[in-house]
Enquirer: 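Dropping the structure in here first, questions after.
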Amino acid sequence: MQDLDTQILTDLRDTDRDRYLACLLAPAASQPSLAPLYAFNAELARIRELVHEPIPGEIRMQWWRELLENDAATGEGHPLARALLECIRKHRLPVTVFQNMIDARIFDLYDDPMEDRAAFEGYAGETASALIQLSSLVLDPQNAAKSAEAAGHAGVAQTVAGVLLLLPQHCRRGQVYLPAELLRATGLDRETLLAGEDGQAIGRAIRAFTGFGRDHLAKARAGLDTISPDNFAAFVPLALAEPIFNRADAVGADLLRNPIRPAQWRRQWWMWWASRRKRF
(Lines give C-alpha, C1' and ligand atoms only; values in the text may rest on other atoms or scores of the structure.)
Protein backbone atom coordinates (compact mmCIF):
# COMPACT_ATOMS: atom_id res chain seq x y z
CA MET A 1 0.00 0.00 0.00
CA GLN A 2 2.89 2.33 0.78
CA ASP A 3 4.26 1.85 -2.74
CA LEU A 4 0.86 2.69 -4.21
CA ASP A 5 0.56 5.84 -2.10
CA THR A 6 4.03 6.93 -3.20
CA GLN A 7 3.25 6.30 -6.85
CA ILE A 8 0.02 8.31 -6.74
CA LEU A 9 1.77 11.22 -5.02
CA THR A 10 4.58 11.11 -7.58
CA ASP A 11 2.09 11.15 -10.46
CA LEU A 12 0.20 14.03 -8.82
CA ARG A 13 3.41 16.02 -8.51
CA ASP A 14 3.83 15.72 -12.28
CA THR A 15 0.22 16.46 -13.27
CA ASP A 16 -0.91 19.06 -10.70
CA ARG A 17 1.94 20.56 -8.71
CA ASP A 18 -0.27 22.95 -6.74
CA ARG A 19 -2.66 20.29 -5.47
CA TYR A 20 0.33 18.06 -4.81
CA LEU A 21 1.61 20.71 -2.42
CA ALA A 22 -1.88 21.17 -0.96
CA CYS A 23 -1.92 17.42 -0.30
CA LEU A 24 1.42 17.62 1.52
CA LEU A 25 0.07 20.48 3.65
CA ALA A 26 -2.87 18.32 4.76
CA PRO A 27 -2.68 15.99 7.78
CA ALA A 28 -0.42 13.02 7.01
CA ALA A 29 -3.17 10.50 7.76
CA SER A 30 -5.39 12.04 5.06
CA GLN A 31 -2.79 12.30 2.31
CA PRO A 32 -3.22 8.72 0.96
CA SER A 33 -6.91 9.50 0.37
CA LEU A 34 -6.56 13.07 -0.88
CA ALA A 35 -3.86 12.21 -3.43
CA PRO A 36 -6.07 9.93 -5.58
CA LEU A 37 -8.91 12.48 -5.47
CA TYR A 38 -6.59 15.20 -6.75
CA ALA A 39 -4.92 12.85 -9.25
CA PHE A 40 -8.31 11.78 -10.62
CA ASN A 41 -9.25 15.42 -11.12
CA ALA A 42 -5.94 16.05 -12.90
CA GLU A 43 -6.49 12.98 -15.08
CA LEU A 44 -9.86 14.28 -16.26
CA ALA A 45 -8.55 17.82 -16.75
CA ARG A 46 -5.73 16.73 -19.06
CA ILE A 47 -7.67 14.39 -21.35
CA ARG A 48 -8.12 17.19 -23.91
CA GLU A 49 -4.33 17.48 -24.12
CA LEU A 50 -3.89 13.74 -24.62
CA VAL A 51 -6.37 13.17 -27.45
CA HIS A 52 -6.71 14.75 -30.88
CA GLU A 53 -10.44 14.19 -31.27
CA PRO A 54 -13.35 14.36 -28.79
CA ILE A 55 -14.50 10.75 -29.27
CA PRO A 56 -11.32 9.14 -27.84
CA GLY A 57 -11.65 11.55 -24.92
CA GLU A 58 -15.24 10.48 -24.33
CA ILE A 59 -14.14 6.85 -24.44
CA ARG A 60 -11.56 7.50 -21.70
CA MET A 61 -14.21 9.21 -19.60
CA GLN A 62 -16.67 6.37 -20.20
CA TRP A 63 -14.04 3.92 -18.89
CA TRP A 64 -13.92 5.85 -15.63
CA ARG A 65 -17.71 6.05 -15.46
CA GLU A 66 -18.12 2.29 -15.91
CA LEU A 67 -15.39 1.61 -13.35
CA LEU A 68 -17.17 3.72 -10.74
CA GLU A 69 -20.53 2.10 -11.49
CA ASN A 70 -19.13 -1.41 -10.99
CA ASP A 71 -19.50 -2.34 -7.32
CA ALA A 72 -17.12 -5.26 -7.79
CA ALA A 73 -14.36 -3.27 -9.51
CA THR A 74 -10.93 -3.28 -7.85
CA GLY A 75 -8.92 -1.21 -10.33
CA GLU A 76 -6.31 -3.97 -10.45
CA GLY A 77 -3.60 -3.09 -12.95
CA HIS A 78 -4.40 0.63 -12.85
CA PRO A 79 -2.80 2.29 -9.80
CA LEU A 80 -4.93 5.43 -9.82
CA ALA A 81 -8.17 3.49 -10.31
CA ARG A 82 -7.27 1.16 -7.46
CA ALA A 83 -6.37 4.01 -5.11
CA LEU A 84 -9.49 5.99 -6.03
CA LEU A 85 -11.82 3.06 -5.43
CA GLU A 86 -10.16 2.39 -2.06
CA CYS A 87 -10.63 6.05 -1.13
CA ILE A 88 -14.30 6.04 -2.16
CA ARG A 89 -15.05 2.90 -0.17
CA LYS A 90 -13.05 3.86 2.88
CA HIS A 91 -14.73 7.26 3.22
CA ARG A 92 -18.10 6.28 1.72
CA LEU A 93 -17.88 9.04 -0.86
CA PRO A 94 -20.92 9.56 -3.13
CA VAL A 95 -20.21 8.00 -6.53
CA THR A 96 -22.75 10.30 -8.19
CA VAL A 97 -20.47 13.27 -7.48
CA PHE A 98 -17.69 11.60 -9.45
CA GLN A 99 -20.10 10.77 -12.27
CA ASN A 100 -21.24 14.38 -12.42
CA MET A 101 -17.61 15.48 -12.49
CA ILE A 102 -16.97 13.24 -15.49
CA ASP A 103 -20.09 14.52 -17.26
CA ALA A 104 -19.06 18.14 -16.68
CA ARG A 105 -15.60 17.49 -18.08
CA ILE A 106 -17.05 16.42 -21.43
CA PHE A 107 -17.35 20.18 -22.08
CA ASP A 108 -13.53 20.31 -22.15
CA LEU A 109 -13.40 18.03 -25.18
CA TYR A 110 -15.34 20.36 -27.45
CA ASP A 111 -15.24 24.02 -28.45
CA ASP A 112 -18.81 24.81 -27.51
CA PRO A 113 -19.45 28.24 -25.95
CA MET A 114 -19.92 28.74 -22.23
CA GLU A 115 -23.22 30.55 -22.58
CA ASP A 116 -23.48 32.55 -19.36
CA ARG A 117 -22.32 32.93 -15.78
CA ALA A 118 -24.81 30.35 -14.56
CA ALA A 119 -23.37 27.76 -16.95
CA PHE A 120 -19.86 28.57 -15.74
CA GLU A 121 -20.95 28.28 -12.11
CA GLY A 122 -22.54 24.93 -12.88
CA TYR A 123 -19.36 23.67 -14.55
CA ALA A 124 -17.20 24.88 -11.66
CA GLY A 125 -19.65 23.49 -9.13
CA GLU A 126 -19.42 19.97 -10.55
CA THR A 127 -15.62 20.08 -10.89
CA ALA A 128 -13.61 22.32 -8.53
CA SER A 129 -16.34 22.82 -5.92
CA ALA A 130 -17.13 19.11 -5.89
CA LEU A 131 -13.45 18.31 -5.38
CA ILE A 132 -13.32 20.60 -2.34
CA GLN A 133 -16.41 18.94 -0.89
CA LEU A 134 -15.07 15.44 -1.50
CA SER A 135 -11.81 16.45 0.16
CA SER A 136 -13.78 17.79 3.13
CA LEU A 137 -15.55 14.45 3.46
CA VAL A 138 -12.14 12.83 3.75
CA LEU A 139 -10.70 15.37 6.19
CA ASP A 140 -13.60 16.00 8.56
CA PRO A 141 -16.83 14.33 7.40
CA GLN A 142 -18.81 15.43 10.46
CA ASN A 143 -18.37 19.09 9.54
CA ALA A 144 -18.15 18.89 5.75
CA ALA A 145 -21.77 19.88 5.12
CA LYS A 146 -21.35 23.10 7.09
CA SER A 147 -18.90 24.49 4.54
CA ALA A 148 -20.78 23.33 1.42
CA GLU A 149 -21.78 26.88 0.43
CA ALA A 150 -18.24 28.18 0.96
CA ALA A 151 -16.95 25.28 -1.14
CA GLY A 152 -19.35 26.21 -3.92
CA HIS A 153 -18.09 29.78 -4.13
CA ALA A 154 -14.47 28.70 -3.62
CA GLY A 155 -14.68 26.32 -6.57
CA VAL A 156 -15.98 29.04 -8.88
CA ALA A 157 -13.23 31.46 -7.83
CA GLN A 158 -10.64 28.73 -8.27
CA THR A 159 -11.95 27.86 -11.72
CA VAL A 160 -11.90 31.51 -12.83
CA ALA A 161 -8.26 31.72 -11.73
CA GLY A 162 -7.44 28.51 -13.58
CA VAL A 163 -9.07 29.76 -16.78
CA LEU A 164 -7.06 32.98 -16.59
CA LEU A 165 -3.83 31.01 -16.26
CA LEU A 166 -4.70 28.81 -19.24
CA LEU A 167 -6.31 31.49 -21.43
CA PRO A 168 -3.43 31.65 -23.96
CA GLN A 169 -3.45 27.85 -24.31
CA HIS A 170 -7.23 27.72 -24.61
CA CYS A 171 -7.24 30.40 -27.31
CA ARG A 172 -4.57 28.58 -29.32
CA ARG A 173 -6.80 25.52 -29.53
CA GLY A 174 -9.99 27.50 -30.18
CA GLN A 175 -11.61 27.05 -26.79
CA VAL A 176 -13.33 29.80 -24.80
CA TYR A 177 -14.42 29.39 -21.19
CA LEU A 178 -15.32 33.06 -20.63
CA PRO A 179 -19.13 33.28 -20.59
CA ALA A 180 -20.56 34.50 -23.89
CA GLU A 181 -22.84 36.97 -22.09
CA LEU A 182 -19.81 38.53 -20.43
CA LEU A 183 -18.04 38.86 -23.79
CA ARG A 184 -21.07 40.57 -25.30
CA ALA A 185 -21.38 42.95 -22.36
CA THR A 186 -17.78 44.10 -22.90
CA GLY A 187 -18.13 44.54 -26.67
CA LEU A 188 -16.36 41.32 -27.58
CA ASP A 189 -17.19 38.07 -29.35
CA ARG A 190 -15.58 34.64 -29.44
CA GLU A 191 -13.83 35.11 -32.80
CA THR A 192 -12.29 38.46 -31.84
CA LEU A 193 -11.00 37.01 -28.59
CA LEU A 194 -9.47 33.99 -30.31
CA ALA A 195 -7.82 36.24 -32.90
CA GLY A 196 -6.41 38.46 -30.16
CA GLU A 197 -7.84 41.56 -31.81
CA ASP A 198 -9.31 44.64 -30.11
CA GLY A 199 -7.04 44.74 -27.08
CA GLN A 200 -9.25 47.23 -25.25
CA ALA A 201 -12.32 44.99 -25.44
CA ILE A 202 -10.27 41.94 -24.46
CA GLY A 203 -8.89 43.85 -21.49
CA ARG A 204 -12.42 44.78 -20.42
CA ALA A 205 -13.55 41.18 -20.72
CA ILE A 206 -10.62 39.88 -18.67
CA ARG A 207 -11.24 42.44 -15.93
CA ALA A 208 -14.97 41.66 -15.90
CA PHE A 209 -14.11 37.98 -15.60
CA THR A 210 -11.73 38.61 -12.70
CA GLY A 211 -14.49 40.67 -11.08
CA PHE A 212 -16.77 37.65 -11.37
CA GLY A 213 -14.08 35.55 -9.69
CA ARG A 214 -13.48 38.11 -6.97
CA ASP A 215 -17.18 38.16 -6.15
CA HIS A 216 -17.17 34.42 -5.52
CA LEU A 217 -13.90 34.67 -3.60
CA ALA A 218 -15.46 37.27 -1.31
CA LYS A 219 -18.46 35.01 -0.73
CA ALA A 220 -16.16 32.09 0.07
CA ARG A 221 -14.29 34.25 2.56
CA ALA A 222 -17.58 35.28 4.14
CA GLY A 223 -18.07 31.60 4.95
CA LEU A 224 -14.69 31.08 6.59
CA ASP A 225 -16.31 30.50 9.97
CA THR A 226 -18.20 27.51 8.52
CA ILE A 227 -14.96 25.72 7.60
CA SER A 228 -13.68 23.50 10.38
CA PRO A 229 -9.93 23.66 11.12
CA ASP A 230 -9.51 20.09 9.87
CA ASN A 231 -11.34 20.84 6.62
CA PHE A 232 -9.38 23.97 5.81
CA ALA A 233 -6.77 21.88 3.98
CA ALA A 234 -9.39 21.32 1.24
CA PHE A 235 -9.50 25.08 0.63
CA VAL A 236 -5.75 25.79 0.64
CA PRO A 237 -5.37 25.98 -3.21
CA LEU A 238 -7.77 28.94 -3.15
CA ALA A 239 -4.89 31.01 -1.75
CA LEU A 240 -3.65 31.34 -5.35
CA ALA A 241 -6.81 32.98 -6.68
CA GLU A 242 -6.39 36.59 -5.56
CA PRO A 243 -2.76 36.94 -6.73
CA ILE A 244 -3.81 35.58 -10.12
CA PHE A 245 -6.75 38.01 -10.30
CA ASN A 246 -4.37 40.87 -9.46
CA ARG A 247 -1.97 39.90 -12.22
CA ALA A 248 -4.76 39.47 -14.78
CA ASP A 249 -6.21 42.89 -13.94
CA ALA A 250 -2.76 44.46 -14.29
CA VAL A 251 -1.87 43.03 -17.71
CA GLY A 252 -5.31 42.98 -19.37
CA ALA A 253 -5.13 41.86 -23.00
CA ASP A 254 -1.38 41.19 -22.70
CA LEU A 255 -2.36 38.05 -20.80
CA LEU A 256 -2.86 36.39 -24.21
CA ARG A 257 0.82 36.88 -25.03
CA ASN A 258 2.43 36.86 -21.61
CA PRO A 259 1.26 34.07 -19.29
CA ILE A 260 0.75 35.20 -15.69
CA ARG A 261 1.48 31.98 -13.80
CA PRO A 262 3.40 32.99 -10.66
CA ALA A 263 6.70 31.30 -9.91
CA GLN A 264 6.46 27.95 -8.13
CA TRP A 265 8.11 29.26 -4.97
CA ARG A 266 5.53 32.03 -4.71
CA ARG A 267 2.63 29.60 -5.08
CA GLN A 268 4.16 27.35 -2.45
CA TRP A 269 4.56 30.29 -0.08
CA TRP A 270 0.98 31.51 -0.54
CA MET A 271 -0.47 28.07 0.11
CA TRP A 272 1.78 27.38 3.09
CA TRP A 273 0.90 30.76 4.63
CA ALA A 274 -2.81 30.17 4.05
CA SER A 275 -2.57 26.77 5.73
CA ARG A 276 -0.94 28.37 8.77
CA ARG A 277 -3.32 31.32 9.04
CA LYS A 278 -6.45 29.38 8.05
CA ARG A 279 -7.32 32.16 5.64
CA PHE A 280 -7.25 32.34 1.87
Enquirer: Do Leu131 and Phe280 share a hydrophobic cluster, counting only Ile, Leu, Val, Met, Phe, Trp and Tyr and linking them when any side-chain heavy atoms are less than 4.5 Å apart?
Expert: no
Enquirer: What pair of heavy atoms forms the shortest contact from Ala274 to Ala239, and how long is it?
Expert: CB-CB, 3.6 Å
Enquirer: Compute whether any side-chain donor of one residue and acceptor of the other, for Tyr177 and Asp108, lie under 3.5 angstrom apart.
Expert: yes
Enquirer: Centre-to-centre under 6.0 Å for Phe40 and Trp64, is that the case here?
Expert: yes
Enquirer: Measure across Ala128 and Gly155 and return the closest heavy-atom pair with its distance rounded to 0.1 Å.
Expert: CB-O, 3.5 Å
Enquirer: Starting from the C-alpha separation in whole Å, work towards a yes-or-no answer on side-chain hydrogen bond (donor to acceptor under 3.5 Å, both in side chains) for Thr210 and Asp249.
Expert: CA-CA 7 Å; Thr210 63; Asp249 279 340; 2.6 Å; yes
Enquirer: Could you check whether atom CZ of Arg276 has more than 12 heavy atoms from other residues, nucleotides or ligands sitting under 6.0 Å from it?
Expert: no
Enquirer: Run through Arg173, Arg48, Arg172 and flag the one making a salt bridge (charged side-chain N to carboxylate O under 4.0 Å, His left out) with Asp111.
Expert: Arg48
Enquirer: More than 12 heavy atoms of other residues, nucleotides or ligands under 6.0 Å from CD of Glu53: is that the case?
Expert: no
Enquirer: For the CD atom of Glu49 and the CD atom of Gln169, what is their distance to the nearest 0.5 Å?
Expert: 5.0 Å
Enquirer: Please determine if Arg221 and Glu242 form a salt bridge, counting it only when a charged side-chain N lies under 4.0 Å from a carboxylate O.
Expert: yes
Enquirer: Looking only at the side chains, is there a donor atom on one of Glu121 and Tyr123 sitting less than 3.5 Å from an acceptor on the other?
Expert: no
Enquirer: From Leu137 CG over to Ile88 CD1, what is the distance, rounded to the nearest 0.5 angstrom?
Expert: 11.5 Å
Enquirer: Counting neighbours of CG on Asp71 that are heavy atoms of other residues, nucleotides or ligands and sit closer than 6.0 Å, is the number greater than 12?
Expert: no
Enquirer: State whether the number of non-hydrogen atoms from other residues, nucleotides or ligands found under 6.0 Å of Gln268 atom CD is greater than 12.
Expert: yes
Enquirer: Starting at CG of Asp189, measure out to CD of Glu197 and round the result to the nearest 0.5 Å.
Expert: 9.0 Å
Enquirer: Does CZ belonging to Arg279 count more than 12 external heavy atoms closer than 6.0 Å?
Expert: no
Enquirer: I would like to know whether Leu34 and Leu139 meet side-chain contact (heavy atoms from CB on, under 4.5 Å); could you show each step before the answer?
Expert: CA-CA 9 Å; Leu34 290 178; Leu139 290 159; 4.0 Å; yes
Enquirer: Please lay out, stage by stage, how Phe209 and Phe120 fare under the test ring-ring contact (aromatic ring centres under 6.0 Å, His included).
Expert: CA-CA 11 Å; Phe209 192 52; Phe120 189 96; 5.4 Å; yes
Enquirer: Go through the side-chain N and O atoms of Glu66 and Gln62 and say whether any donor and acceptor fall under 3.5 Å apart.
Expert: yes
Enquirer: Would you call Asp198-Arg204 a salt bridge at under 4.0 Å N-O?
Expert: no
Enquirer: Thr159 and His216: side-chain contact (heavy atoms from CB on, under 4.5 Å), yes or no, with the steps?
Expert: CA-CA 10 Å; Thr159 304; His216 280 281; over 6 Å; no
Enquirer: Can you tell me if Arg46 and Asn41 form a side-chain donor-acceptor pair at under 3.5 Å?
Expert: no
Enquirer: Working note: Leu167 + Val176, criterion side-chain contact (heavy atoms from CB on, under 4.5 Å); need CA distance, chi angles, decisive distance, verdict.
Expert: CA-CA 8 Å; Leu167 190 58; Val176 177; over 6 Å; no
Enquirer: Step through it carefully: locate the ring centre of Trp273, locate the ring centre of Trp269, and say whether they are under 6.0 Å apart.
Expert: yes
Enquirer: For Gln264, look at atom CD and say whether over 12 heavy atoms of other residues, nucleotides or ligands are found less than 6.0 Å away.
Expert: yes
Enquirer: Identify the two heavy atoms, one from Leu178 and one from Val163, that lie closest to each other, and give their separation to 0.1 Å.
Expert: CD1-CG1, 3.9 Å
Enquirer: Search all heavy atoms of Ala241 against all heavy atoms of Ala157 and return the closest pair with its distance.
Expert: CB-O, 4.3 Å
Enquirer: Would you kindly say whether Asp140 and Ser228 are connected by a side-chain donor-acceptor distance under 3.5 Å?
Expert: yes
Enquirer: Looking only at heavy atoms, what is the nearest atom pair of Arg65 and Ile102, with distance?
Expert: NH2-CG2, 3.3 Å
Enquirer: Passes side-chain contact (heavy atoms from CB on, under 4.5 Å), Ile260 versus Leu165? Steps please.
Expert: CA-CA 6 Å; Ile260 58 170; Leu165 289 179; 4.0 Å; yes
Enquirer: Working to the nearest 0.5 Å, report the span between CD1 of Ile47 and CE of Met61.
Expert: 4.0 Å
Enquirer: Taking atom types as modelled, find out whether Tyr38 and Glu43 have a side-chain donor-acceptor pair closer than 3.5 angstrom.
Expert: no
Enquirer: List the atom of Arg117, the atom of Pro179, and the distance in Å for their closest heavy-atom pair.
Expert: N-CB, 3.9 Å
Enquirer: What is the distance from atom NZ of Lys146 to atom OG of Ser136, rounded to the nearest 0.5 Å?
Expert: 12.5 Å
Enquirer: State whether the number of non-hydrogen atoms from other residues, nucleotides or ligands found under 6.0 Å of Lys90 atom NZ is greater than 12.
Expert: no
